[in-house]
Amino acid sequence: MGISRRPKGDKAAKQAQDGGRGAASGGKPNIKKAAFDTTKKKEIGVSDLTLISKVSPEAINENLKKRFEGGEIYTYIGHVLVSVNPFRDLGIYTEEVLETYKGKNRLEMPPHVFAVAEASYYNMNAYKENQCVIISGESGAGKTEAAKRLMQYIANVSGGGNSSIQETKDMVLATNPLLESFGNAKTLRNNNSSRFGKYLQLQFNAQGEPVGADITNYLLEKSRVVGQIPNERNFHIFYQFTKGASSTYRTSLGIQKPETYLYTSKSKCLDVDGIDDLAEYQDTLNAMKVIGLTQGEQDEIFRMLAAILWTGNIQFAEDKDGNAAVTDQSVVDFLAYLLEVDPQQLISAITIRILTPRNGEVIESPANPAQALATRDALAKSIYNNLFDWIVGRVNVALKARGTTAQSIGILDIYGFEIFEKNSFEQLCINYVNEKLQQIFIQLTLKAEQEEYEREQIKWTPIKYFDNKIVCDLIENVRPPGVFSAMKDATKTAHADPAACDRTFMTAINGMSNPHLTPRQGNFIIKHYAGDVSYTVDGITDKNKDQLLKGLLNLFDQSGNKFLHTLFPHQVDQDNRKQPPSAGDKIKASANDLVATLMKAQPSYIRTIKPNENKSWSEYSVPNVMHQIKYLGLQENVRIRRAGFAYRQTFDKFVERFYLLSPQTSYAGDYTWTGDSKSGAKQILKDTSIPAEEFQMGVTKAFIKAPETLFALEHMRDRY
Ligand code: ATP
Ligand code: MG
């Protein structure tokens with residue numbers, strides 16, 4: 001029985017092109033035209049780093065530099081997209097450009113974030129597989145922009161006649177301005193820096209139409225609420241609100257200009273070039289509306305923001321006994337009004353510390369001004385942190401899938417690896433999450449790739465790679481205790497005194513034996529996959545404990561404000577023996593959940609690179625880029641990719657696709673092969689004169705080394 005000329009129609013044709021990982025959304029397999037388009041424009045350097053002549057960080061850098069200077073910011077390493085921030089509008093995200101990527105295979109078009117989006121969307125529909133895109137890179141490298149372009153593309157191509165689908169898309173897109181207002185801030189490195197990590201899962205029905213979404217947020221940088229270094233700002237929302245608040249809010253919530261509040265004015269940076277806070281305030285309000293936040297909910301949110309702003313204005317002087325005394329009672333009274341608590345109780349919660357040593361006693365000790373300021377700041381930070389979580393939760397309620405979710409595409413936009421002069425608990429958490437992501441990268445790409453070669457009995461030289469599981473274990477193990485557990489144990493034994501807890505923790509670190517850990521005086525060095533980082537011990541156990549003072553919890557409990565109760569739902573834990581989850585426990589749990597979710601999906605990677613520290617479109621700093629090439633592991637990535645095979649396909653499918661290319665397998669355009677498919681595949685490769693070193697026959701699949709070889713086959717096929 002013969003097989004018709006174009007077996008299985010467009011979809012089979014498309015998936016065959018790219019080893020079953022190709023891209024197309026049921027469009028026309030228009031290879032000839034696209035090939036013409038891509039050859040028309042002279043390529044700058046190589047568009048896939050696997051094609052550079054000699055693999056070294058210098059050669060990778062050279063190629064990226066050439067392309068950057070020629071206005072080409074995207075380059076592949078096989079399926080990994082490398083993107084260099086252009087810091088200017090290159091006109092590459094227009095509707096017209098987007099159209100050209102629709103239904104196209106990755107190999108047909110110049111590298112682009114749209115091609116990654118197209119591939120994910122196509123693969124989700126064609127293979128009924130969940131997809132995820134993992135975006136990494138340092139602050140300001142372009143992660144969030146890439147995430148937004150992915151969303152733009154997917155929203156554009158995914159169905160949409162129906163009003164409920166359109167509504168879902170509008171809501172999903174509205175989450176960007178909303179969460180950016182509350183979670184992003186101007187920093188020295190990026191005027192719109194995300195100060196939280198985000199995993200957005202877009203949910204689709206069986207027809208590939210979006211039906212809902214779910215957002216998970218990670219580690220908001222809550223310390224920014226109460227202080228910023230010079231020339232950085234608090235979260236955008238505070239400037240939007242203080243500049244743009246309506247007269248109603250100004251009166252009822254005591255809102256004045258940002259100059260009025262310590263938390264928005266201390267760092268002396270009220271305006272940012274290129275950011276129009278007034279216009280963005282309107283965008284935020286509009287996003288709230290699109291997502292369906294009621295006026296009542298909005299009022300509650302802004303009331304909390306006002307409370308935070310006024311909290312920062314409480315000041316203390318030292319009384320005759322050295323204890324903290326409030327300098328301006330009217331500020332306290334106004335804050336008490338906003339929080340709906342008793343002013344006296346509010347003062348006590350901030351200026352009297354309740355200590356509960358191990359014997360169960362309760363000791364009340366007056367705070368000195370420094371301690372009172374710390375408690376005041378803790379109050380503001382905790383309200384903001386819980387408010388942010390509440391907003392994300394509320395967004396998720398609004399975006400809950402309407403109808404059955406068949407598949408999903410996840411987009412992970414999370415801070416890259418951090419090495420600062422001084423690294424503390426926050427960097428440990430961030431770097432730990434990056435270690436976990438590296439684990440997935442290893443497991444899903446390197447390990448799985450090598451295992452397939454073994455299964456298929458393909459001859460290849462194993463590539464040495466560092467399996468960072470040992471570092472993950474060092475941080476997250478429970479027994480014997482890893483770094484997080486040791487911190488928690490230290491808080492249990494040394495209890496109320498943070499310094500004593502840090503010392504106990506350091507003793508535990510000294511007792512650990514792991515080649516990736518070096519204890520030092522007052523700090524310890526972890527040898528991460530991306531470099532060595534020295535973590536300061538001072539204050540680390542207290543940050544891990546992350547407990548709000550009992551006095552503040554009691555205060556919130558007694559507030560007349562229901563929303564505050566929603567933000568702080570837990571009753572004060574009276575049982576001192578039971579330790580609540582620490583910040584380390586929480587990040588460990590969410591990192592492991594994330595890993596489990598990502599492992600169930602087909603991953604794509606976007607590695608973003610920042611060409612300079614000055615947000616400049618013309619400057620390409622070689623040392624900076626070299627550093628990023630190194631810690632993003634691009635060289636290792638290219639090596640593995642080159643040692644491996646760009647394309648693999650079962651013999652059956654291979655013959656089905658390319659039978660036209662051999663007189664042994666076809667006659668006058670008809671399929672004539674009657675032998676086994678492995679011999680058929682061999683015959684085709686022989687008759688097309690593909691060099692022997694370019695392919696290998698496995699047990700069930702044919703493996704082809706270079707994407708160009710595959711493309712040559714496609715060209716030949718297309719000539720028939
Ligand atoms: P952070 O970790 O601080 O959140 P990030 O990696 O998310 O950083 P982005 O906010 O995406 O960085 O990018 C920083 C700025 O760089 C953007 O505000 C924009 O001005 C510019 N930029 C990034 N990507 C692009 C791009 N593809 N085209 C044009 N400009 C870009
Ligand atoms: Mg960002």
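In this text, all values refer to a predicted model and were calculated from it rather than measured experimentally. Here, residue 1 is the first one in the sequence, and each next residue gets the next number. Note that ligands are numbered from 1 as they come in the structure, with each ligand's atoms numbered from 1 the same way.
Inside a 4.0 Å radius of atom 20 (O) of ligand 1 there is not any protein heavy atom.
Below 30°, between 30° and 60°, or above 60°: for H528 and F417 the angle between ring planes is above 60°, a perpendicular geometry.
Side-chain contact, S408 with Q203: no donor N or O sits under 3.5 Å from an acceptor N or O. When only modelled atom types and interatomic distance are considered, T536 and S424 share no side-chain donor-acceptor pair under 3.5 Å. For the 3.5 Å distance criterion, the side chains of N468 and E435 qualify, holding a donor opposite an acceptor.
At a 4.0 Å heavy-atom cut-off, ligand 1 touches P86 through the side chain alone. With a heavy-atom cut-off of 4.0 Å, E138 touches ligand 1 through its backbone alone.
The protein non-hydrogen atom at the shortest distance from atom 27 (N) of ligand 1 is Y93 OH, 2.7 Å.
Residue N192 has at least one heavy-atom neighbour below 4.0 Å for each of these atoms of ligand 1: 10 (O). In the vicinity of S194, heavy-atom distances shorter than 4.0 Å reach the ligand 1 atoms 1 (P), 3 (O), 4 (O).
Within 6.0 Å of the CG atom in D273, the count of heavy atoms belonging to other residues, nucleotides or ligands does not exceed 12. The environment of NZ in K630 is sparse: at most 12 heavy-atom neighbours from other residues, nucleotides or ligands sit within 6.0 Å.
Close to ligand 1: F87, with a non-hydrogen atom less than 4.0 angstrom away. Contact analysis leaves R149 out of contact with ligand 1, as no non-hydrogen atom separation drops below 4.0 angstrom.
Compare N85, T144, V113 by their heavy atoms: the one nearest to atom 30 (N) of ligand 1 is in N85.
Geometry about the Mg ion (ligand 2) gives an angle of 90° between OG of S194 and OG1 of T144, rounded in steps of 10 degrees.
Between G142 and ligand 1, at least one pair of N/O atoms sits closer than 3.5 Å. For a threshold of 3.5 Å applied to N or O pairs, the pair formed by A146 and ligand 1 contains no separation below that value. When only interatomic distances are considered, the shortest N/O to N/O separation between D89 and ligand 1 does not fall below 3.5 Å. An N or O contact shorter than 3.5 Å links S139 to ligand 1 by distance.
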